[in-house]
Structure formats: C-alpha cells, structure tokens
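What follows is a short report on a single structure.
Sequence lines set the chain letters: A, B, ... in the order given, protein chains first and strands last, and positions in each chain run from 1.
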Protein chains: 2
Amino acid sequence: MSNAATETANGVQSVDRALRILEILARSGESGVTEIAASLEVHKSTAFRLVATLEQHGLVEQVEGRGKYRLGVGLLRLAGATSARLDVVQEARPLCKQLAAATGETVNLATLSGHSALYLDQVAGPSALQPHNWVGQHIPLHATSNGKVLMAWLEEAELKDLLGRLPSYTGLTITSKAALRKQLEVVREQGYAVAVDELEVGLTAIATPVRNAHGDVICSMSVSGPTFRLPPDRVDEVLPLLIEAADELSHRLGWGMR
Amino acid sequence: MSNAATETANGVQSVDRALRILEILARSGESGVTEIAASLEVHKSTAFRLVATLEQHGLVEQVEGRGKYRLGVGLLRLAGATSARLDVVQEARPLCKQLAAATGETVNLATLSGHSALYLDQVAGPSALQPHNWVGQHIPLHATSNGKVLMAWLEEAELKDLLGRLPSYTGLTITSKAALRKQLEVVREQGYAVAVDELEVGLTAIATPVRNAHGDVICSMSVSGPTFRLPPDRVDEVLPLLIEAADELSHRLGWGMR
DNA sequence: GTCTACGGTTGCGCAATGAGCAACGCGGCC
DNA sequence: GGCCGCGTTGCTCATTGCGCAACCGTAGAC
C-alpha cells in the first residue's frame, strides 16, 4: 500500500521519525519545531510531541526556554556507554593517554565507517583546552593520515568503492586517484602515514595501523597537532612513540600472539 | 531532577519505550530481545520491532548475527555533534551561580594547564568582600584545593612531571613531595580537597573533581572564601552542596550511568 | 502603541498504526 | 532425538499517535 518515497521498509513509524529528528539536529545544530516538521513532512504538532519525548530523556534540549531545540547531553552518556563496551577504545585509552602525555599532542583513534573515517576516541595533550573534539565525526579519508592508513590495507574491491570524488580542502590535499594510490603504496611500505596541511592548513598528523588477532587493520591511531609544533624532525621523534603505542595496542588485541 | 524514574508521564509511547531501550542497553552493555521486553513490561514482538527500528538508524547493533543487542556506533556520531558545541564553562555557569548563591561564597572552575592550575571561570558570592578575579590566572597546584584535586587523579608519569619545586607561600604551604603525595592520597579517598591558609593566610577553599563521559577528571570546581567565614564546621556544611553541583556538572558532561 | 505575523504549545476526535498473540525457525542442551 | 529457549514474523484489533485548529507568547513593522 504505502509505497513511500524513501527507504521506509519497516520499523516503528514514530520511533523512526524521532530518530530522524536526532539526525536532523546533528546536521543542523539547532532547529525549531516548525523547521523539523517540514523536514519530516509531518504536522507541527507531531514533530513537537516527538521532540518533547526526546527531551524527557535528555536527548534533546531547548535552548533558553522558548526557542529552538538542539541535541542534549543525554547522548553523551549513551555514547560513553557505547565506547566503554568497544573493547578497542577501552583497551586503547591508557595507551593513548600515555602517548598524549609523552608527545604533548592530541591522540586520536579512528576506524572506517561508510565512506569516511569515524573518530572513536580522542585524548588531548596537556594543553589547557581540548583543541577540537572530533569524536563521533566523520572525516574524509583521503585528506587525513588516519584515512590513508585505514585505506592502505584494504582489498582492491573495497578500496575502489571508497575512491569517489576527492574534494580539495587545502592546496596540498591529494585529489588525484593515481596520486592517492601511490601514497597508499608508500604508507603500506613504511607502515605509517603523514598528512601535512592536507585537511586544514597548519594541521599535521601521523597515523599508524592497529591490528586485531587476525591481522586485520581495525582502526588507526594518530598523533596530531599544529604544523609549527610538528615539523619534520619532530615528526621523526614522535613516530617511534606512536608506533610503539599502536603496536602495544595491537598486541593487547591479540596480534602477533599466534 | 533525576530522570528515568518518572515514567508514563506523557509523550509518544513507542518513542519513549525505544529510548528506554537505549538506556537499558547503556546500563547492561548487552541484552536480548526477551530480556528487554521484560524490562519494559511489553511483549517480545513489541520490543523486537523497536530494537529493529533503532538498528536501522545504527543506534544499536546485534552482536554476531544471531544474538543479543548492544549500543551502536551511530550514537558516537550523534554525540560528536553534541560535544562539538559543548563547553564546560558554559554548561557550568548556571550551576556555579546557584552554588555561589547557596553558599554565599565564591565559586571557581579550574583546569590543568602546563605546570599550574588555570582558572576558567569565577562566580562571586553576594558578600561584600569580593576576592580578586582569578579567571585566566595560573595558580600553583600544590598550594590550592583546586590544584590538589587536579593532581589527585593523574597518572604517575604525569604527576611526576608536575612535582618540581614546591615553593612556600605561607607557613602552612605543603612543601615536601612526600607530604603532598600523602595529601593527594587522602583527596582521592574522600573525593575532595581542602586548603586552609596554604596559598594566602586567611584564605580557605574546598574543591571537588568534575569528570567527562570517560570518567577523566577534566577540571575542578571550588568554593573559597575568607577563613573566618569558612571554619571547619562551615566547610562541612558547604561540602555537600559543592559535591552536588560538581556531580551534576559531571552528569551533564556525560559522566555516570555506568 | 497597536497590529500583524510567526513559532511553540495544547485539546479533541478519527483512523492509521503499533501492540499483542501465536506460530515458526533455529541453536544449544539435556 | 526431543526439549527448551531464543529471535523473528503474519495477522488482527483497539490503542495511540496523528492532523486539525485554536491558543498564546514574543518580535518586528508601521
């Protein structure tokens, strides 16, 4: 009967709508009820009730009494519980902390998710405030050291699927497929990837693979910081520390035990 | 105040149930459909359909084909969008204000920065005796309640790096590393730190830790005032208020639930 | 200062939709 | 092999969630 427009295979309608509201808010940052209702193609009141229910659970909150809605802190609690059960993150946390302390820079853990890199965890260096929290964000693969590492050990078929458009973010972003493939070759050979000013001018990052018991690359660990603090010779200093930490993590996940 | 307890208030029933499933999974780590249905006091099939809808949006995932369900990485993505705009100071402000009003003393928020404590925010109490504004100032760690809290939960390596010279400011300043370590032990045990006349004669302060979703101590909240207004018995009165405020802040930042 | 418009909020009644039931397939365990 | 427990699915009914329309703030224009 209901040959709905988009993918509405099955599922509970109102729940589906509620979850779409969360996604809308994630994308827009802030939205009003009317705006949400328009996006969902439902009546204002329907959208309002859904939002109200989400609000009761702390997943959304309204900004300043009367006004728009945005995602709430309840999500942080849920996400905390999520990453707590991801054994990789759990296992990695002390290592990341130690690495962050040793290098003074920010350490990230990223994995492949869809067509981009999903940042699983972040430990900031001793600098006062967290630079920019990337946890949960999807970051383009071709412009980051993490992304290069995650792609480098993929099967040809999977890789091909990921290499779509390669948008440019700075003058140094790799935008040609051939050049990227060549890069990945280098990454595979040397066992790590570097990205200098490729995603953002002034941002340098180094990444290495983390393997599970089967030897699959399941995520990548990176150290990143402002380019002026991470010139080539400093990168050479940090690299062994990063590799040591990532190898230790792989080891704890069963890699190399046989 | 504390959510989750009050149910069946109003809102969209199916959405409410779906969100409760998320909370159940956050608490249990993994649950089967039958188990969830029992918790919700609904039929198995109902629980299944709700879970299936959550799964379509990546908020839950089933472990290994046939089996139990757990929270999914989609939550990390949503949480990423949340924490992108999340600012500790901003989140803390109303709580600090309330605490300042309740205690009549000055409330501060401090974090670790290099080798000292950086004061992020300050809300003065209504008293006539206004202390000078510490926001943006770097204050020695070993002579303040905030500093002790910030050090108490550090890794040994990081702590070692911080314990250099311990200059004396008053007759009561802790200047021996052994004594300081002992003090930190106490702080860890009792969950708060006190400093009386250690930085300045006539200045008393109490501080408690604020944690993020991972449980890391990211900053400390303190109440401070002239020692004559904060004798030991008054400290005992203020303490629960401070702890409540700091815990609430931690809660808003995602701590708890595990 | 008044008027208008816009956005969030709420009571009401109908029917769409989500919940319960029961049956099924599939493992694991006696 | 048979039993039991699990997740999963078709069917049916009435619960419940939806659309409507009216309400009530605030904000901006004239």
*Rounded to the nearest Å, what distance is computed from the CD1 atom of residue Ile21(B) to the P atom of nucleotide dG7(D)?*
12 Å

_If you assign each of Ala47(B) and Gly32(A) to its closest nucleotide in DNA chain C, which residue comes earlier from the 5' end?_
Gly32(A)

*asked:* I'd like to know if the side chain of His57(A) and the backbone of Leu59(A) have a donor-acceptor N/O pair within less than 3.5 Å.
replied: no

*asked:* Nearest to the side chain of Tyr69(B), heavy atoms from C-beta on, is which of dG19(D), dT8(D), dC21(C)?
replied: dT8(D)

*asked:* Any donor-acceptor pair under 3.5 Å linking the side-chain atoms of Thr53(B) with those of Asp16(A)?
replied: no

*For dG20(C), does either OP1 or OP2 sit under 4.0 Å from a side-chain N or O belonging to Thr46(B)?*
yes

*Toward the 5' end of DNA chain C, by each residue's nearest nucleotide, Ser45(A) or Arg17(B)*: Ser45(A)

_Residue Lys44(B), side-chain heavy atoms: nucleotide from dG11(C), dA23(C), dA19(C) that is nearest_ = dA23(C)

_Protein-nucleotide distance (Arg49(A), atom CZ; dT10(C), atom P), rounded to Å_ = 10 Å

_Interatomic distance, Phe48(B) CZ vs dC24(C) P [rounded to whole Å]_ = 18 Å

*Between dC11(D) and dT15(D), how far is it from one P atom to the other, in whole Å?*
23 Å

*Looking at the side chain of Thr34(B), which of dG19(D), dC6(D), dT9(D) is the nearest nucleotide?*
dC6(D)

*Grab the CG-P distance between Leu40(B) and dG18(C) for me, whole Å please.*
16 Å

_Distance-only side-chain donor-acceptor flag, Ser222(A) / Asn108(A), under 3.5 Å_ = no

_Taking Glu156(A) first and then Arg181(A), would you say they form a salt bridge - that is, a charged N and a carboxylate O separated by under 4.0 Å?_
yes

*asked:* Just the rounded figure in Å: distance from C1' of dT8(D) to CD1 of Ile36(B).
replied: 14 Å

_Nearest-angstrom distance from the residue atom CG of Leu50(B) to C1' of dT17(C)_ = 13 Å

_In whole Å, I'd like the distance from the NE2 atom of His43(B) to the P atom of dT12(D)._
17 Å

*May I ask you to evaluate whether Gln13(A) reaches the phosphate of dA15(C), defined as a side-chain N or O under 4.0 Å from OP1 or OP2?*
no

*asked:* Check this for me: Glu23(A), atom CD, are more than 12 non-hydrogen atoms of other residues, nucleotides or ligands nearer than 6.0 Å?
replied: yes

*asked:* Could you tell me how far apart Arg70(A) (CZ) and dG8(C) (P) are, to the nearest whole angstrom?
replied: 15 Å

